[in-house]
There are 2 protein chains.
Amino acid sequence: MKYSKQKDEILKLMRSGKLDHPRAADVYVAMKKILPDIGIATVYRNLNSLADAGLIRRIAMPGEADIFDHRLDAHHHAVCEKCGKVFDFYFDRDGEISAMLKDTIGFEASEISCCARGRCAACR
Amino acid sequence: MKYSKQKDEILKLMRSGKLDHPRAADVYVAMKKILPDIGIATVYRNLNSLADAGLIRRIAMPGEADIFDHRLDAHHHAVCEKCGKVFDFYFDRDGEISAMLKDTIGFEASEISCCARGRCAACR
DNA sequence: TTAATAATGATAATGATTCTCGGATAGATG
DNA sequence: CATCTATCCGAGAATCATTATCATTATTAA
């Protein structure tokens with residue numbers, strides 16, 4: 001992976017935590033203020049390569065655009081159907097599910113993602 | 001909801017269980033054999049209205065096309081990253097997750113979906 | 001400095017899904 | 001039965017997220 005200021009700035013932006021569960025388009029908008037000539041393809045490319053390198057995570061959300069997360073620990077997501085905000089939550093039964101899948105159907109899980117949808121506190 | 005032979009045939013096809021976790025495109029291909037003049041928009045429209053009516057379920061799969069399920073009971077899905085096959089599995093901790101979300105962040109979950117990805121028995 | 005390689009930005013292409021349209025049809029009413 | 005109207009249909013355009021292509025530029029190792 002070769003250095004580029006685009007990649008560097010994207011990683012810094014992600015790590016800053018200024019963006020909350022941003023989609024690629026959100027990162028693009030924020031990056032435009034830092035590097036006005038950046039293209040959307042470069043944003044996608046770099047988010048993908050940073051994710052491949054394990055420096056950030058790309059998370060597929062059912063029915064919505066993927067989000068990118070600077071947090072690397074195992075956690076799940078709850079999405080408010082009204083405001084769209086994404087909340088992190090912990091639920092450490094991944095091992096239990098993996099074991100069950102292995103025992104019952106011989107399925108070797110590499111990743112387990114739980115996604116809750118509903119209404120957040122503010123929207124109720 | 002008005003009757004139409006397209007909707008009727010789509011529901012029959014779904015209920016027959018001949019299709020395994022089909023995407024809209026799969027339903028379209030199968031329906032072409034039954035009603036050769038059917039259009040893809042009609043397939044989407046009817047799958048959506050049948051899902052709205054609670055007769056089938058539309059399930060968003062992270063990173064992939066939505067699938068439609070004739071099974072109405074609560075279950076989760078495991079997707080093989082190699083062959084793409086989708087497996088059903090049960091894991092009745094939904095209530096536990098709901099309660100935790102409610103207690104910790106005041107989030108009222110209406111649906112919880114867990115999606116495992118990895119390798120199925122046949123692909124290992 | 002140079003040559004090889006990988007990254008860039010613009011834009012075209014893709015895939016899934018929805019929207020729009022004029023025309024057809026189901027089902028209620030007279 | 002005749003008619004009316006809401007809903008549905010099929011075709012194709014439009015949308016959205018994402019990836020691919022390509023000519024140009026920047027990085028890096030020699």
Side-chain angles (χ1 to χ4, degrees), chain A residues 1-14 19 21-53 55-69 77 79 81 84 86 113 115, chain B residues 1-14 19 21-53 55-69 77 79 81 84 86 115 117:
Chain A
M1 183 160 59
K2 197 177 274 191
Y3 170 88
S4 79
K5 67 172 180 300
Q6 288 85 345
K7 185 178 299 167
D8 193 49
E9 291 292 344
I10 288 173
L11 181 55
K12 279 201 290 192
L13 176 62
M14 289 302 294
L19 304 178
H21 296 100
R23 298 158 299 156
D26 301 323
V27 177
Y28 177 62
V29 168
M31 280 305 301
K32 273 286 188 186
K33 292 173 189 158
I34 301 169
L35 299 172
D37 290 337
I38 201 168
I40 183 74
T42 299
V43 172
Y44 271 102
R45 257 189 309 247
N46 283 316
L47 287 172
N48 283 337
S49 72
L50 291 169
D52 288 347
L55 299 172
I56 61 173
R57 289 213 298 162
R58 178 173 190 159
I59 297 156
M61 303 295 290
E64 299 174 47
D66 291 3
I67 62 176
F68 295 86
D69 204 328
H77 295 93
V79 189
E81 285 171 329
V86 178
S113 61
C115 188
Chain B
M1 182 158 58
K2 196 179 277 192
Y3 170 88
S4 80
K5 67 171 181 299
Q6 289 85 346
K7 186 178 297 167
D8 192 49
E9 291 292 345
I10 288 172
L11 182 55
K12 279 201 289 192
L13 175 62
M14 289 302 294
L19 304 178
H21 297 100
R23 298 158 299 158
D26 300 323
V27 177
Y28 177 61
V29 168
M31 280 305 302
K32 273 285 185 186
K33 292 175 188 157
I34 301 168
L35 299 172
D37 290 337
I38 201 168
I40 184 75
T42 300
V43 171
Y44 271 101
R45 256 189 308 249
N46 283 316
L47 287 172
N48 283 337
S49 73
L50 290 170
D52 289 346
L55 300 173
I56 62 174
R57 288 212 298 163
R58 179 173 189 160
I59 297 157
M61 303 296 289
E64 300 173 46
D66 291 2
I67 62 177
F68 295 86
D69 204 327
H77 296 94
V79 189
E81 285 171 328
V86 178
C115 188
R117 50 183 57 250

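Here the structure is a predicted model, which is why all the values come from computation and not from measurement. Throughout, protein chains are lettered first and strands after them, A, B, ... in sequence-line order, and every chain is numbered starting at 1.
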Original post:
NA contact type, A/A41, heavy-atom cut-off 4.0 Å: base, sugar-phosphate, or nothing?
Top reply: base
Original post:
How long is the line joining CD1 of B/I40 and C1' of C/dT14, in whole Å?
Top reply: 15 Å
**OP:** Given side chain to side chain contact (heavy atoms under 4.5 Å, CB included), test A/I56 with A/I10 step by step and report yes or no.
**Re:** CA-CA 11 Å; A/I56 61 173; A/I10 288 173; 5.9 Å; no
Original post:
Considering all heavy atoms of both residues, which atom of A/Q6 and which atom of A/L35 are nearest to each other, and what is their separation?
Top reply: CA-CD1, 3.8 Å
Original post:
Does B/K12 have any salt bridge (charged side-chain N to carboxylate O under 4.0 Å, His left out) partners at least two apart in sequence or in another chain, and if so, which?
Top reply: B/E9
Original post:
Expressed in angstrom and rounded to an integer, what is the separation of B/M61 atom CE from C/dA16 atom P?
Top reply: 14 Å
Subject >> Electrostatic pair B/D8:B/K5 at N-O distance under 4.0 angstrom >> reply: no
Original post:
To the nearest Å, how far apart are B/Y44 OH and D/dA14 C1'?
Top reply: 15 Å
Original post:
Between D/dA17 atom P and A/F68 atom CZ, what is the distance in whole Å?
Top reply: 12 Å
Original post:
A/Y28 has an atom OH; how far is it from atom C1' of D/dT19, in whole Å?
Top reply: 16 Å
Original post:
Over how many whole Å does the gap from A/D26 atom CG to D/dC16 atom P extend?
Top reply: 14 Å
Original post:
Among D/dA17, C/dA16, C/dC19, which nucleotide sits nearest the side chain of B/R23?
Top reply: C/dA16
Which atom pairs link the protein and nucleotides 2-7 of chain C when you take only N or O atoms and keep those under 3.5 Å?
unit_1: C/dT5; atom_1: O2; unit_2: A/K2; atom_2: NZ; d: 2.4
unit_1: C/dA6; atom_1: O4'; unit_2: A/K2; atom_2: NZ; d: 3.0
unit_1: C/dA7; atom_1: OP1; unit_2: A/K2; atom_2: N; d: 3.3
unit_1: C/dA7; atom_1: O3'; unit_2: A/S4; atom_2: OG; d: 3.3

Subject >> Rounded interatomic separation in angstrom, taking CG from A/D37 and C1' from D/dT24 >> reply: 14 Å
Subject >> Partner set under salt bridge (charged side-chain N to carboxylate O under 4.0 Å, His left out) for A/D69, not counting sequence neighbours >> reply: none
Subject >> Closest non-hydrogen atom pair between A/L19 and A/L13, with its separation >> reply: CD1-CD2, 3.8 Å
**OP:** Could you check how far CG of B/D66 sits from P of D/dA17, rounded to whole Å?
**Re:** 15 Å
